Amino acid sequence: DVICRQIGEKLLVPDGTRTIDAYGQLVLPGGIDVHTRLQTPTMGMAPADGFLQGTKAALAGGTTMIIDHVCPEPGTGLLVAYEQWRGSAESQACCDYSLHMDVPRWHESLKEEMEALVKDKGVNSFLVFMAYKDRLQCSDTQMYEIFCIIRELGAIAQVHAENGDIIEEEQKRLLELGITGPEGHVLSRPEEVEAEAVYRAITIARQANCPLYVTKVMSRGAADVLAQMKRKGAVVFGEPITASLGADGSHYWSKNWAKAAAFVTSPPISPDPSTSDHLSSLLSCGDLQVSGSAHCTFSTAQKAVGKDNFTLIPEGTNGVEERMAVVWEKCVVPGKMDENDFVAVTSTNAAKIFNCYPRKGRVAVGSDADLVLWNPKATKIISAKTHNLNVEYNIFEGTECHGVPSMVISQGRVVVEDGNLLVTPGSGRFIPRKTFPDFVYKRIKARNRLAEIHGVPRGLYDGPVQEVLASARAVAPTPASRMAPGAGKAQPPPIRNLHQSGFSLSGSQADDHIARRTAQKIMAPPGGRSNITSLS
Amino acid sequence: QSDRLLIKGGRIINDDHSFYADIYLEDGLIKQIGENLIVPGGVKTIEANGRMVIPGGIDVNTYLQKPYQGMTTVDDFYQGTKAALAGGTTMIIDHVLPEPGSSLLTSFEKWHEAADTKSCCDYSLHVDITSWYDGIREELEVLVQDKGVNSFQVYMAYKDLYQMSDSQLYEAFTFLKSLGAVILVHAENGDLIAQEQKRILEMGITGPEGHALSRPEELEAEAVFRAITIASRINCPVYITKVMSKSAADIIALARKKGPLVFGEPITASLGTDGTHYWSKNWAKAAAFVTSPPLSPDPTTPDHLNSLLACGDLQVTGSGHCPYSTAQKAIGKDNFTMIPEGVNGIEERMTVVWDKAVATGKMDESQFVAVTSTNAAKIFNLYPRKGRIAVGSDADVVIWDPDKVKTITAKSHKSAVEYNIFEGMECHGAPLVVISQGKIVYEDGNLHVNKGMGRFIPRKPFPEYLYQRIKIRNKVGGLQGVSRGMYDGPVYEVPATPKYATPAPSTKSSPAKNQPPPIRNLHQSNFSLSGAQIDDNNPRRTGHRIVAPPGGRSNITSLG
């Protein structure tokens, strides 16, 4: 009945139960891929792997649950997009799934929509973008406001961290230099730009006292910033993806355009070859917690939309199928982590953060019957010829993995056995997720209580006050001189000076002839000097 | 006073070494250095008696004419430079702060004129870029080429007033680099500050402690990080003014180890005192400490900053001197965001650095000269005219007494403000004699100055200390694309539905600012293959895998 009923030795089971002999292989909770984009359109193109193909590949790789990102097109409401995603996943998904919501930009009804999603629709995580200027990018102010809403709702704030302003300038510069190939993608998005945004996102989240989850940690710089801020007490989680753990960013310089384009994703895969080693070390020691895949594939023909301009190449790489095997190969095989840590980073931590623990992420009585039989002795070479995807290229082509799932059980049914997939489209269920996950919010709640600040009770200042000339800083400058060419946005009028008043003491004064420019040191104010201004 | 001076028996300290020698000054220049100098008769002689003779201090950050709501600081160029000289500083670099909307050139001329008539010591001017408007490039070019300005400050704080977006910073940095200028940054995240100010005022906190609470040091560190990131993309030097907190200083130190050209300037206030006074029960005292970024409430900050200054991670000391009287500060008595910002420090700078860093053994005398004078002269291209005791340099010389103990107090300071934020601090080390332009201006506690005797010191662009490395990095850092054959495989046909559809205005207006119209998609076209197609009845939603494109499959798409 899709639930684990008993665990132990010499169990009493009804007759007719199918027995699987594990022969000392490992039995793991099924993997949870926290980051897929199986339906996010780019320039009107749907990804090559939809929910059907994507979840099939997930199951083949030992992942029994995915959390997909809902990305509303500009102008569509969050709820409408959510229903679209639910609709297509309902009929196609072969494994359990849940949904993250992307918040493309601030609008007025955002708060109500987010509330509805959290309360009625089982969504507890929202992603904001710091990149994709003029399309998805949020300003710092908007992020702060969204984070405050998220904290009140008890959801998880996710962030795509890259500085969109700098990227846009760099893209312009590179195109002017005549660099149009995929190498321009990585040159225009250097890792400092990612690290900077991670730093800023964490700063904003700390100000808002909101838990933060950084999706797609792709570079050393970003991972180090994250680890450092964790050390200073920030509640922050980092998600390296299959590509950053297992692929090599030097392929952007490949002579084969199609191959180079297959690696295009944002933030890009770092060209520094030591990156994957560094990230797997941080994943092993707990500085990074979760592994995703950010699976979002486009066929070569789709990628070729950007053949003359790297900024038009649709972004995304494969990884949903390879994730478990790559993490095993990079972390467990070299002895960086043990098998329990492997379960934590591929499944348990994700379940805890996104509040589906212990239903998912654990082999226990009462948990869902999502299990993987892992064979650490088998070997597999990743190749586009054998993968379960629609794309022509696999960015991990040729990687040898020591450790493969020999059998996958989803919802109590065997779905992968001896390399054969036995799936039913639409068998995947939507897993609603509740708010305020303990793993994240216990600390936040405690900090909220502590963070109350108080003013200093002090007597009213009753000393002299300089009279402000009515001209002042609220003066509206002439529009011509003020227009910022680069920003392209109209500046709002300056904050109204509430202290400015139309009231004035009328009539000419005795000292009108004295210029009032320089400061006056008032030695003996009328009414006598008050002791509040003198030095104690 | 004569124009000729002989300083006998002093120990000359430069940033690289020290030695005993006599110095002969004439016509405002150092003419001879050595022993047994041959000098004309009748020259006034000062016996240094083995005391230290150091180059006069350079204060790189002052605001002696900063306007706020129609009033200006209580210390103008006259009052301020008098205080500077009394503290051993013989040159200041003041900030020109144009009101947003007024032109840089006009403001520069205004400051130039005021300083020319009032300043008692040599001065130079930074120009602050308070908005990035059309025609600013031409003005910047004029300032650099004809007016002797080589440094410009941009703001990441003061939302809707001075603040620039990241795109504008990128543009400004790129342009300033092409002029060979020094880029100064006021680093604080203005967006978040505005949010915090709102929140704190709503909570009913209106006193000066709200100033510190709304500008936590994380926001300073974040902005420093961002400024350095942008600068390192452009490969230009960046100079962070007013380093006030440990985390901001640490970011600078960390970044320097990775290669970017970053310079940091702690100020007298951050080196000498801390932000606990914002919680003082005395409003006027608390308000006297209001400056941005604020003094850190962490009392270990001054010690940390002094250590970084000693080891070279921070390079220059300024004062950020911009005092307002208590009556002026009281404009913000009911709202901390209205309190005019600025603290004193021009007079105390040298003595505070000596007391906190040299007297404690963190740095030696040569390093003291470097951080109070020489490094500033190098960065702002005044070296070796200023910042060094050498034949041919300006005769700006200080005889320093390391044993003199002085208690800083508002009763005896030269500034016009009622409060001194260093009140009661006992400092070791003070100037004995200050010589500016070859004249004794300060001796035995008495000032001998004339209003307007200070000269404007023009500064040339492309200071070698910064730009030599930049030029080489420019050469080696060139970007190159990959030369590869044209991609001739199939290309997916993008449906004409625009990704940049304009959403309904009601859903789109953000509370804070109006969003600009989305970028025009140049690939979008009205052209379409007309007529009904055979596959019109099939929905076009999911991806097409083109297995056998017309014209045959090209080998460029197969794996190599």
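Per chain, numbering begins at 1; letters A, B, ... match sequence-line order. Just so we're clear, the structure is a prediction, and the values are computed from it rather than from any experiment.
Only the backbone of A/Tyr252 comes within less than 4.5 Å of a heavy atom of chain B; no side-chain atom from C-beta onward does. Contact of B/Ile193 with chain A is not made at all, since no heavy-atom distance falls under 4.5 Å. Only the backbone of B/Ser280 comes within contact range of chain A, with at least one heavy atom under 4.5 Å from a heavy atom of that chain. Proximity to chain A (any heavy atom under 4.5 Å) is shown, for B/Pro67, by neither the backbone nor the side chain. In this structure, no portion of B/Ala287 lies under 4.5 Å from any heavy atom of chain A. Residue A/Ala208 does not touch chain B at all, counting heavy-atom pairs closer than 4.5 Å. B/Leu213 touches chain A through its side chain: at least one heavy atom from C-beta onward sits under 4.5 Å away, while N, CA, C and O do not. The parts of A/Pro182 that come within reach of chain B are both its backbone and its side chain, each placing non-hydrogen atoms under 4.5 angstrom from that chain. Using a 4.5 Å cut-off between heavy atoms, B/Tyr278 touches chain A through its backbone atoms (N, CA, C, O) alone. Only the side chain of B/Ile200 comes within less than 4.5 Å of a heavy atom of chain A; its backbone N, CA, C and O stay farther away. Interface residue A/Leu177: only side-chain heavy atoms are found under 4.5 Å from chain B.
Put simply, of B/Lys333, B/Arg226, B/Lys258, the one with the most heavy-atom pairs under 4.5 Å next to chain A is B/Arg226. Put simply, of A/Asp49, A/Asp140, A/Asn163, A/Thr180, the one with the most heavy-atom pairs under 4.5 Å next to chain B is A/Asp140. Between chain B and the residues A/Arg206, A/Glu196, A/Met143, the largest count of heavy-atom pairs under 4.5 Å involves A/Glu196. For the set A/Gly181, A/Gly77, A/Gly184, A/Ala195, the count of heavy-atom pairs under 4.5 angstrom toward chain B peaks at A/Ala195. Considering only heavy-atom pairs separated by less than 4.5 Å from chain B, the leading option among A/Lys307, A/Glu183, A/Arg173 is A/Glu183.
A/Trp257 contributes atom CH2, which lies 8.0 Å from atom OG1 of A/Thr300 (distance to the nearest 0.5 angstrom). Atom CG of residue A/Leu174 and atom CZ of residue A/Phe310 lie 5.0 Å apart, to the nearest 0.5 angstrom. Within the model, atoms OH of A/Tyr144 and CG of B/Leu192 stand 7.5 Å from one another, a figure rounded to the nearest 0.5 Å.
Side-chain polar atoms of B/Thr337 and B/Asn335 form a donor-acceptor pair below 3.5 angstrom. Side-chain contact, A/Glu170 with B/Tyr170: a donor N or O sits under 3.5 Å from an acceptor N or O. Side-chain polar atoms of B/Glu217 and B/Ser247 form a donor-acceptor pair below 3.5 angstrom.
Put simply, the side chain of A/Gln302 gets close to the backbone of A/Ser299: a donor and an acceptor are under 3.5 Å apart. Side-chain atoms of B/Asn420 never come within 3.5 Å of backbone atoms of B/Ala410 as a donor-acceptor pair (strictly under, hydrogens ignored).
Between B/Phe173 and B/Arg233 the shortest side-chain heavy-atom distance does not fall below 4.5 Å. For the pair A/Lys133/A/Ile167, no side-chain contact is recorded, criterion being any heavy-atom separation below 4.5 Å from C-beta on.
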